[in-house]
2 protein chains.
Amino acid sequence: MELRADARHNRERILDAAREAFATRGLDVPMAAVARRAGVGVATLYRRFPSRESLITEVFGDELATCASVVDEALADPDPWRGFRVMVEKVCAMQVADRGFTEAFLTAFPEAVDFERTRARAERGLAEVVARAKAAGRLRADFAPADLVLLLKANCGAATGSPEEAAAASRRLVAYLLQSFRAEHAEPLPPAPPLTLGHLHATATR
Amino acid sequence: MELRADARHNRERILDAAREAFATRGLDVPMAAVARRAGVGVATLYRRFPSRESLITEVFGDELATCASVVDEALADPDPWRGFRVMVEKVCAMQVADRGFTEAFLTAFPEAVDFERTRARAERGLAEVVARAKAAGRLRADFAPADLVLLLKANCGAATGSPEEAAAASRRLVAYLLQSFRAEHAEPLPPAPPLTLGHLHATATR
DNA sequence: CGCTAAACGGATGGGGTCGTCCATTTACGC
DNA sequence: GCGTAAATGGACGACCCCATCCGTTTAGCG
């Protein structure tokens, strides 16, 4: 059913406010703060988005799509290794730029249908990127797709402090890790953690 | 002045309870939960440890000392690289085993005199370990002491989920990073983040 | 054994967030 | 204009945590 004009307007203001609040203060920001920032009552916020999760899902729908498109770009790159590398760098940069995005990405919401679908697509794409980079002999053979999760979680931990510090730390960590992901001079590794992208649900919930 | 026998007894129970609670639930565990676990009233807890920080300081005094001794072991190893590597592996394992320790280590408390002194000593020791490993030609020349902070923060982020998952993830991450810390085949890196161990105060406070 | 100071712990007030309820306001079809 | 249903937002009760207060209990000395 159609929303009334004022309702539609307020919905947009809420989404904008939530986007900004999540980016700077993380997903734990009080609902009341989002409402205040949107110039709206708390009830309006709750009527439009019955749960915090539904708000988050809506807000990060776009960014998740961006994420998926980054995977597609990686697949389109004629150089498999460069595709892999750039993909990793971009996603990590996104993680650093938007604190809320990081949390949303790591926490995940099984209920959010959109999330599920987009994520499944991203997961297939990722496996493909990894496989191509290995086939080209540039990515070490014992690299596990779960190592990407490892990288994201590590990046999340490294990217604390002021935005400048976070960006610098992330760049350096990513550079270090990309180097050890390369096939040349690879040394033996302990077994991969039993994580799949799907396991992210359980992990970072706290 | 001397504590009465029952008071001393309760103090021990509180410290035990706090150690366990911090290890499993992190430093944010409610004071009341610690008191309950210790079989003690909240007031007793607050009388003995006026602030949460004082409790934390007391609880992690030992573990910090352990940390310092790990640095000493590294310095005592005739093989500088092995000393470095084992030191990193041990500290990261400690981080994984005790969630509270991680937070305490990263959060730090400028007021806690003991912390300050022990940490300053550890910091000097670390610089020495790094210098020796570089001099031996095993650690890459552009390795910055701040990279150890980077490693710890990354490890903290990676070590989420069940204890088994956390341990596996940490081991693998450390293996990856140690490999890229080696002098051989080192590739250019982006500049080191401007972090010193001292900067840890500001960073992970949330 | 009895007394007193030390220690105890439950109750309490203050602050904060969550999510709902309801009296009031507003859009918009007629 | 006007009436109605949709939309609004502040107030409210429930819950949780912190930290203190105070009436009660207990250790340990003489």
Side-chain angles (χ1 to χ4, degrees), chain A residues 1-60 99-100 103-104 107 109 111-112 205-206, chain B residues 1-60 99-100 103-104 107 109 111-112 205-206:
Chain A
M1 97 182 191
E2 278 302 300
L3 282 180
R4 228 168 62 177
D6 54 343
R8 220 177 325 119
H9 178 236
N10 275 338
R11 189 174 190 280
E12 287 311 312
R13 307 234 315 161
I14 290 174
L15 282 176
D16 287 347
R19 206 179 332 268
E20 190 183 336
F22 287 154
T24 58
R25 294 209 256 162
L27 297 186
D28 283 341
V29 66
M31 294 295 258
V34 175
R36 189 158 10 91
R37 202 189 283 245
V40 136
V42 199
T44 304
L45 174 51
Y46 275 103
R47 188 171 328 99
R48 217 47 76 203
F49 305 95
S51 68
R52 175 185 297 273
E53 287 186 8
S54 63
L55 178 58
I56 293 171
T57 306
E58 203 70 31
V59 166
F60 291 105
R99 181 172 160 188
E103 293 179 53
T107 308
F109 301 102
E111 315 80 58
T205 33
R206 213 162 251 278
Chain B
M1 94 181 190
E2 278 302 301
L3 283 180
R4 225 168 64 176
D6 53 344
R8 221 177 325 119
H9 179 234
N10 275 339
R11 189 173 190 281
E12 287 312 312
R13 307 233 316 160
I14 289 173
L15 282 175
D16 286 346
R19 208 182 329 270
E20 191 183 336
F22 287 153
T24 59
R25 294 209 257 162
L27 297 186
D28 283 341
V29 68
M31 294 295 259
V34 175
R36 189 158 11 90
R37 200 188 284 244
V40 134
V42 203
T44 304
L45 173 52
Y46 276 103
R47 189 172 326 103
R48 217 48 74 204
F49 305 95
S51 69
R52 174 185 297 273
E53 286 187 9
S54 64
L55 177 58
I56 293 172
T57 305
E58 202 71 30
V59 166
F60 290 104
R99 182 171 161 190
E103 293 180 51
T107 307
F109 302 102
E111 316 79 59
T205 34
R206 209 162 253 277

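Heavy-atom basis, side chains included; hydrogens, waters and symmetry copies ignored. Reminder, nothing fancy here: chain letters follow the sequence lines and each chain counts from 1. Computed from a predicted structure; not experimentally measured.
Protein atom CE of B:Met31 is 17 Å distant from nucleotide atom C1' of C:dG14, rounded to whole Å. As rounded to whole Å, 12 Å separates atom C1' of C:dT17 from atom CZ of A:Arg36. The nearest whole Å value for the distance from the CG atom in A:Asp28 to the P atom in D:dC17 is 15 Å.
A distance-only check finds no donor-acceptor pair linking the side chain of A:Thr44 to the backbone of A:Val40 [under 3.5 Å].
For the side-chain contact (heavy atoms from CB on, under 4.5 Å) test, residues two or more places apart in sequence or in another chain that qualify with A:Val42 are A:Tyr46. Residues satisfying the side-chain contact (heavy atoms from CB on, under 4.5 Å) criterion with B:Thr24, sequence neighbours excluded, are B:Arg37. By the salt bridge (charged side-chain N to carboxylate O under 4.0 Å, His left out) test, B:Arg36 pairs with no residue at all, sequence neighbours left out.
Residues of residues 39-51 of chain B having a heavy atom closer than 4.0 Å to DNA chain C, listed by number: B:Gly39, B:Val40, B:Gly41, B:Ala43, B:Thr44, B:Arg47, B:Arg48. For the segment residues 2-20 of chain B, the set of residues with a heavy atom within less than 4.0 Å of an atom of DNA chain C comprises B:Leu3, B:Arg4, B:Asp6, B:Ala7, B:Asn10, in numerical order.
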Assess whether side chain to side chain contact (heavy atoms under 4.5 Å, CB included) is satisfied between B:Glu20 and B:Val34, documenting all intermediate values. CA-CA 9 Å; B:Glu20 191 183 336; B:Val34 175; over 6 Å; no
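Under the 4.5 Å side-chain criterion, counting only non-hydrogen atoms from C-beta, B:Phe49 is not in contact with B:Ile56. Proximity of B:Arg52 to B:Leu27: side-chain heavy atoms (C-beta onward) are nowhere separated by under 4.5 Å.
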Let me have the donor-acceptor pairs involving side chains of residues 9-17 of chain B, under 3.5 Å, with sequence neighbours excluded, atom names and distances please.
unit_1  : atom_1 : unit_2  : atom_2 : d
B:Arg13 : NE     : B:Ala38 : O      : 3.2
B:Arg13 : NH2    : B:Ala38 : O      : 2.8
B:Asp16 : OD1    : B:Arg19 : NH2    : 3.4

